[in-house]
Every structure is written in C-alpha cells, then in structure tokens.
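Take a look at the structure set out below.
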Amino acid sequence: MGIARLADVIKEEAAEAVSSFPLRQYRDRVIALDASIAIYQFRTATPKLFNRNGENISHLQGLFYRTLHLLENGIKPVFVFDGQPPDLKQPLLARRAEAAGARRDAAESRRAENLPRPLKQDCETLLSYLGVPYVQAPAEAEATCAALVKSGKVWCTATEDMDALPFGSLRLIRHLNSKNNCEVEEFSLPDILQKLGMTQEQFVDLCILLGCDYCGKIWQLGPKKALKLLQQHGTIEQVLQNIDPQKHPLPANWDLEGARRLFLQPEVADPGRITLEWRDPDPEGLVRFLAHEKHMNEARVCRRLQRWQEAQPKPEEAQPKHQAPREGRKQRKLGEFFPASKHARPPEVRGVRARPPGTRGARGMAQGIILC
DNA sequence: ACTCTGCTTCTAGACGGT
DNA sequence: TGAAGCAGAGT
DNA sequence: ACCGTCC
C-alpha cells in the first residue's frame with residue numbers, strides 16, 4: 001500500500017524535488033526493482049495468461065518482456081524479493097486477506113508478500129537465464145532497495161509505492177514500464193527534505209501521520225494538517241501535545257515507536273556482502289525454460305529474443321559466434337535457439353539464497369548471483 | 001474556504017498488425 | 001489493489 | 001495512435 005497520498009503531498013509542497021526524464025537518461029545506471037510488486041502487477045494485469053496446463057504464466061511473460069526492455073535501454077536492473085513481513089504489518093495483511101477472501105475465491109487472494117514458492121522460483125530461474133542479478137531481502141524489499149541505494153551500489157529504486165523514501169532511498173523512480181518513450185518520474189529524497197524543511201526522522205513522522213502499513217492513522221489528521229503541524233512542532237509527540245485529543249483520537253494499539261524503528265532501522269540485506277553481476281541473456285536457456293518447460297508461445301519468445309539481439313550494440317570486433325545480423329535471415333535464425341534436447345533441465349544454477357549471516361552463498365557458478 | 005472521509009468508478013502489462 | 005473524482009460533513 | 005490478442 002505504501003504511504004497514502006505521499007506522492008501528492010510531495011508534488012504539491014516540494015514540486016522541485018520531482019522531475020521527469022526519458023528512459024535513456026538511465027543508461028548504464030543500476031536500478032533496484034521490487035520484484036514482488038512487479039510480479040503482482042503482471043499477475044493482476046488482464047487478462048491472465050494460462051499455458052496449456054492451466055498454469056498462470058502472466059508473471060513470466062511480463063518479467064521476460066519488461067526485463068529485456070530495460071536491458072535494451074542499457075539499464076542494469078537488480079530485482080529485490082520480499083522476505084518476512086514485519087509483525088506490525090500483520091494486521092494489515094490480515095485485513096487484506098479477509099477482504100480478498102470475502103470478495104472472491106480465496107485461491108487468488110495471495111498478494112505478492114510471500115509469493116508462492118514455485119512462483120518465486122520460476123522468476124529466479126528466469127532472471128538467471130536473463131543474466132540479471134536478484135537479491136533476497138530479509139524483510140521488506142523496499143527497505144533493502146533503499147539500503148542498496150544508500151550504499152552506492154544502486155543508483156535508484158524503481159517502484160510504484162512510496163515506501164522507499166521513508167526507508168531512505170535517495171532516489172525513487174516511478175512509471176518504469178515497457179512503453180516506448182515512457183517518461184520516468186524521479187523523486188529526490190534530499191530535495192524533498194530540503195523543500196519541506198525536514199530531517200529524515202521528521203519525514204518518517206510525516207509518513208506515519210499520512211498513513212503507513214505499520215500503524216493506524218489519527219482521526220481527522222490529513223495530509224495538509226499533518227505537514228503543517230509537523231513543520232511547526234518537529235515531532236509527532238510535540239504535535240500530539242498541541243491538538244485536542246478529543247477531536248483527534250489515536251487508533252487502538254498505536255505503536256509509534258515500532259513504526260519509526262521499522263523505517264529508520266529496518267532489517268535489510270547487507271549491501272557490503274552483495275555482489276551484483278550482469279551477463280548476456282542466454283537465448284537457448286530462455287527458449288528451453290519459457291517455451292518448452294513453461295509452454296509459453298515459442299515463436300513469440302524467439303521473436304522477442306531476436307529483437308533483443310538485433311538491438312545489441314554491435315561489438316566492432318568480429319564476433320566469432322554465429323551472428324551476422326543481415327537482412328533476410330530474420331525468420332531463419334529462429335532455429336538457432338532450439339536446444340537439442342527438449343526436456344533438458346535448466347542448469348543447476350540458481351541464485352543462492354541469502355539468509356543467515358553465516359551462510360556464504362557466493363557459488364562462482366551462479367548466473368544470477370547474489371547473496372549476502 | 002479548507003480539509004478529511006467515504007463513497008463511487010475505472011483500471012491494471014506488452015505485443016503486433018492496422 | 002489503488003487511484004481518481006465527487007458528495008458531504010466537520011473545522 | 002488505436003485495438004485485438006497473447007495462452
């Protein structure tokens with residue numbers, strides 16, 4: 001859900017902190033993406049795509065297309081997967097689950113938090129074949145994205161919800177879709193703080209008052225009042241002493257300190273122990289996995305891969321490999337991607353998991369690397 | 001006038017041919 | 001699910 | 001740019 005109306009507040013009160021750039025502006029930049037949100041978007045996009053076995057493969061198709069689009073634009077993506085949601089988020093998740101369950105069959109109600117294991121593994125396998133790194137966050141993905149940005153390993157976080165800002169992501173971009181010539185909207189956290197005249201701690205307080213995932217809202221305190229009162233008094237505690245508690249009752253079980261701690265000292269993957277590595281997509285592996293194993297339309301997969309290959313900046317040196325992007329061979333080249341054996345398993349490479357600090361995951365073989 | 005709430009409503013991704 | 005637009009009530 | 005289709 002993110003922070004209610006935060007984007008509106010920023011655009012109104014700190015418009016200078018928001019700019020918009022063409023995608024090409026981000027060439028050669030490392031961008032962290034919240035994998036769960038992206039996958040959730042693909043899964044809910046209409047219509048759902050089913051393969052011949054009745055499995056929903058919207059997420060694979062979406063991830064495949066969008067990632068290639070990013071790569072074609074010279075962007076170096078890194079996907080961050082959600083871990084365990086914080087306890088303070090449980091009430092929200094429960095409400096969500098209940099609402100979804102009441103509305104429809106509970107089967108489809110699972111939100112991206114805690115993606116079903118096979119779904120996530122499919123995505124990891126796909127990313128490995130695409131040569132794109134991914135990171136397992138211990139808790140909220142946005143928090144680890146922010147930590148990566150702060151560490152300098154990543155340029156910005158790309159996400160549709162604004163949580164990354166209170167988590168401390170110095171830059172956040174939205175609307176990073178696959179449309180041609182899409183304009184990306186960039187929020188600069190330092191500029192936001194400067195224009196609002198706030199510290200990061202005060203900004204976090206603002207986000208809590210606006211309404212976050214971790215605790216309820218104060219009745220009758222909306223964006224305008226919250227901002228004004230905070231700028232005036234500095235902290236939520238001070239604000240509370242200057243408003244009528246009768247007219248602005250606190251929600252039950254309001255854990256202000258807990259929410260603050262989740263934003264200011266979140267549990268994140270240690271950027272220092274993360275190695276990000278990109279390599280060329282593996283067309284054969286992709287065809288084998290997407291088309292043969294997951295039964296995505298083979299011609300489409302091949303066509304898209306071919307488009308990617310033709311968009312590659314040609315190395316001036318003669319490429320000894322099969323290539324020759326000449327005209328007239330387009331249709332014929334499809335055959336190159338077909339592996340010899342139809343039922344070949346994907347190579348036993350998978351990003352290593354990254355949980356306990358003791359586990360070193362960095363197997364040299366991993367295609368899609370990671371670890372912490 | 002301003003601001004917050006609650007209600008309604010619509011919409012979601014990407015490709016390819018036209 | 002959310003985001004956007006409108007009605008209405010409280011300040 | 002629009003719109004039907006993707007599986």
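Only a predicted model underlies this, so the values are computations on that prediction, with no experimental measurement involved. Every chain is numbered from 1, with letters handed out A, B, ... down the list of sequences.
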Counting only side-chain N and O atoms of A/N297, is one of them less than 4.0 Å from OP1 or OP2 of D/dC7?
-> yes
Between A/R300 and A/A226, the residue closer to the 5' end of DNA chain B by nearest nucleotide is A/A226
Span of DNA chain B in contact with chain A (heavy atoms, under 4.0 Å) | B/dT3 to B/dG16
Can you tell me how far P of D/dC6 sits from CG of A/L63, to the nearest Å?
-> 22 Å
A/H295 and A/E55 side chains, donor-acceptor separation under 3.5 Å | no
Roughly, in whole Å, what's the span from CG in A/D34 to P in C/dG2?
-> 13 Å
Pairwise C1' distance, B/dT18 and D/dC7 [rounded to whole Å] | 23 Å
Measure from CG on A/L290 to P on D/dC6 and round the result to the nearest Å.
-> 18 Å
Rounded distance in Å between the C1' positions of D/dC6 and B/dT8 | 32 Å
Check each of A/L33, A/L148, A/I37 against A/V80 using the side chain to side chain contact (heavy atoms under 4.5 Å, CB included) test, and report the only one that passes.
-> A/L148
Between A/R307 and A/E310, is the closest basic N to carboxylate O distance under 4.0 Å?
-> no
Any pair with a residue in residues 7-24 of chain A that passes side-chain hydrogen bond (donor to acceptor under 3.5 Å, both in side chains), sequence neighbours left out, goes on the list, sorted by first then second residue, please.
-> A/R5-A/D8, A/K11-A/E185, A/E12-A/K224, A/S20-A/E183
Could you check how far CD1 of A/I57 sits from P of D/dT5, rounded to whole Å?
-> 18 Å
Any luck finding a side-chain donor-acceptor pair between A/R300 and A/Y65 under 3.5 Å?
-> yes
For nucleotides B/dC15 and C/dG2, find the distance between their C1' atoms and express it as a whole number of Å.
-> 25 Å
Got a salt bridge between A/E140 and A/K89, using NZ or NE/NH1/NH2 to carboxylate O under 4.0 Å?
-> yes
Please give, in whole Å, the distance from C/dT1 P to A/D213 CG?
-> 13 Å
Going by atom types alone, do A/E237 and A/Q241 pair a side-chain donor with an acceptor below 3.5 Å?
-> no
Residue pair A/L49/A/W219 against DNA chain B: nearer the 5' end by closest nucleotide is A/W219
Taken to the nearest whole Å, CG/A/D163 to P/C/dG2 is 11 Å
A/Q41 CD to C/dG2 P: how many Å, rounded?
-> 12 Å
Sugar-phosphate only, base, or nothing, as touched by A/T44 at under 4.0 Å among non-hydrogen atoms = nothing
Could you check how far NE2 of A/H295 sits from C1' of D/dC6, rounded to whole Å?
-> 17 Å
Looking for any heavy atom pair under 4.0 Å, which part of the strands does A/F50 touch: base, sugar-phosphate only, or nothing?
-> base
